[in-house]
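Notes for the one structure printed next.
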Amino acid sequence: MPTRARLTHDRIVDAAIKLVDEEGVDAFSMRNLAAQLGVDAMAIYHHHKNKLALTHALVQALMAKCELPSPSADWRDDFRAICRNFRALAHKHPGAFLLYVYHEEWAASEFNVFEALLETLLRAGFSQKSAVRSMRMTLMFIEGFTEDEINGWMEEEDIAELQDVVTADNLPTLYSALAEFVAYDHEAEFEDGLNVLVNGFEAALRC
């Protein structure tokens with residue numbers, strides 16, 4: 001059985017990521033983590049002073065895992081690759097990704113993603129101001145989209161509620177599109193979103 005002496009900063013962080021990925025953010029507590037590690041909860045505090053500090057370390061470790069492509073000849077390919085890899089990280093570590101989204105402090109490793117997006121957009125020919133704004137827009141899209149994916153866009157109870165509330169009399173346009181509204185193709189819609197961003201950015205460059 002693991003003992004406190006064998007605990008390390010990184011081992012605790014890895015266990016925390018595993019815990020939230022498998023059991024969800026609500027299961028993230030020092031007590032549950034200690035049980036997974038087979039130690040007393042107080043042992044964790046020798047390496048992380050509190051839950052907030054551990055969360056910060058978790059976010060730092062998570063974002064360091066994001067694979068960033070080397071620049072190629074086509075900024076559009078690079079932009080798409082960064083966005084897809086960021087989303088892939090969320091799929092691989094869904095619970096940890098939600099903690100990243102909810103965590104209010106910056107972690108140094110997340111700036112690597114910002115750097116990659118910003119460098120790609122500047123290389124495409126954007127002004128610094130436009131590149132920063134486009135980077136922010138891109139991050140909001142990825143984070144919001146993947147958060148909805150992880151939390152669930154349309155559960156059965158949501159669909160039932162919509163069918164009760166949305167009628168041909170009070171919301172005729174939405175009612176006519178209800179079947180499409182509750183059906184969700186995550187892959188296709190993420191790619192649609194990427195295309196909207198890339199095409200919009202490219203059009204702005206030509207203005």
Side-chain angles (χ1 to χ4, degrees), residues 1-69 81-121 131-155 157-158 186 190 193:
M1 179 179 292
T3 64
R4 186 175 72 182
R6 293 172 59 189
L7 286 181
T8 65
H9 175 281
D10 292 344
R11 182 171 170 237
I12 293 169
V13 170
D14 290 343
I17 291 174
K18 183 174 184 290
L19 174 66
V20 296
D21 285 346
E22 292 181 352
E23 300 185 29
V25 172
D26 290 342
F28 183 41
S29 70
M30 295 303 211
R31 179 174 294 181
N32 287 342
L33 182 57
Q36 179 166 299
L37 287 163
V39 300
D40 184 272
M42 291 304 298
I44 296 173
Y45 291 98
H46 288 270
H47 301 272
H48 301 272
K49 65 181 180 180
N50 53 40
K51 185 179 177 181
L52 181 61
L54 176 55
T55 301
H56 191 77
L58 181 154
V59 171
Q60 170 69 16
L62 172 75
M63 295 305 292
K65 296 176 184 290
C66 189
E67 296 182 11
L68 300 172
I82 295 167
C83 294
R84 288 168 181 155
N85 289 355
F86 194 11
R87 177 174 174 244
L89 178 68
H91 280 237
K92 187 173 182 180
H93 298 287
F97 187 83
L98 288 181
L99 284 181
Y100 155 75
V101 171
Y102 303 151
H103 188 54
E104 294 182 356
E105 296 181 18
W106 297 108
S109 59
E110 64 186 285
F111 290 117
N112 295 333
V113 178
F114 301 176
E115 173 79 6
L117 284 170
L118 190 59
E119 188 278 332
T120 300
L121 292 165
V132 169
R133 288 181 173 178
S134 299
M135 177 197 70
R136 288 179 183 146
M137 186 185 309
T138 301
L139 289 168
M140 285 188 285
F141 163 66
I142 300 171
E143 291 173 7
F145 189 97
T146 50
E147 182 184 0
D148 270 352
E149 279 189 291
I150 294 168
N151 284 326
W153 165 242
M154 278 289 165
E155 306 295 340
E157 58 269 24
D158 298 321
H186 296 284
F190 185 79

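Keep in mind it's a predicted model, so treat the numbers as computed, not measured.
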- [ ] Check Ile142, Thr146, Leu117 against Phe86 for a side-chain contact (heavy atoms from CB on, under 4.5 Å) and give me the one that passes.
- [x] Ile142
Task: Closest non-hydrogen atom pair between Ala107 and Val59, with its separation - done: CB-CG1, 3.7 Å
Task: Atom pair CD1/NE2 of Ile44 and His9 - distance to nearest 0.5 Å - done: 12.5 Å
Sequence neighbours excluded and cut-off under 3.5 Å, please list the side-chain donor-acceptor pairs for residues 90-98, or say none.
residue : atom : partner : partner atom : Å
His91   : NE2  : Glu149  : OE1          : 3.2
His91   : NE2  : Glu149  : OE2          : 3.3
His93   : ND1  : Asp21   : OD2          : 2.7

Open item on the list: Rounded at 0.5 Å granularity, tell me how far CG in Leu58 sits from NZ in Lys51.
Closed with: 11.0 Å
Open item on the list: For Val13 and His48: C-alpha separation, side-chain torsions, deciding distance, then whether side chain to side chain contact (heavy atoms under 4.5 Å, CB included) applies.
Closed with: CA-CA 9 Å; Val13 170; His48 301 272; 3.7 Å; yes
Open item on the list: Using 0.5 Å steps for rounding, measure from the CD1 atom of Ile150 to the NE2 atom of His186.
Closed with: 10.5 Å
Open item on the list: Apply side chain to side chain contact (heavy atoms under 4.5 Å, CB included) to residues Cys83 and Thr138 and explain how you reach the verdict.
Closed with: CA-CA 8 Å; Cys83 294; Thr138 301; 3.6 Å; yes
Task: Check: Phe28 and Leu54 side chains under 4.5 Å, non-hydrogen atoms - done: yes
Task: Nearest atoms (heavy-atom pairs only) where Leu121 meets Met135 - done: CD1-N, 3.7 Å
TODO: Output, in order, the C-alpha distance, side-chain angles, deciding distance and verdict of side chain to side chain contact (heavy atoms under 4.5 Å, CB included) for Val25 and Leu99.
DONE: CA-CA 7 Å; Val25 172; Leu99 284 181; 3.7 Å; yes
TODO: Report the residues that fulfil side chain to side chain contact (heavy atoms under 4.5 Å, CB included) with Ala81, sequence neighbours left out, ordered by chain and then residue number.
DONE: Pro69
Task: Approximate separation, where rounding is to 0.5 Å, of Tyr45 OH and Asp40 CG - done: 10.0 Å
- [ ] Mark yes when over 12 heavy atoms from residues, nucleotides or ligands other than Glu104 sit less than 6.0 Å from its CD; otherwise mark no.
- [x] no
Open item on the list: I need the His46 NE2 to Leu7 CG distance, nearest 0.5 Å.
Closed with: 9.5 Å
- [ ] Hey, could you give me the CG/CG distance between Leu37 and Leu19, rounded to the nearest 0.5 Å?
- [x] 9.0 Å
TODO: Under the side chain to side chain contact (heavy atoms under 4.5 Å, CB included) rule, what do Leu139 and Val113 come out as? Steps first, then yes or no, please.
DONE: CA-CA 9 Å; Leu139 289 168; Val113 178; 4.2 Å; yes
TODO: From the options Glu110, His56, Gln60, select the one residue that forms a side-chain hydrogen bond (donor to acceptor under 3.5 Å, both in side chains) with His103.
DONE: His56
Task: For Asn32, side chain to side chain donor-acceptor pair (under 3.5 Å) partners two or more places apart - done: Ser29
Open item on the list: Testing the basics here: between Ala16 and Leu33, what is the closest heavy-atom pair and its distance to 0.1 Å?
Closed with: N-CD1, 3.5 Å
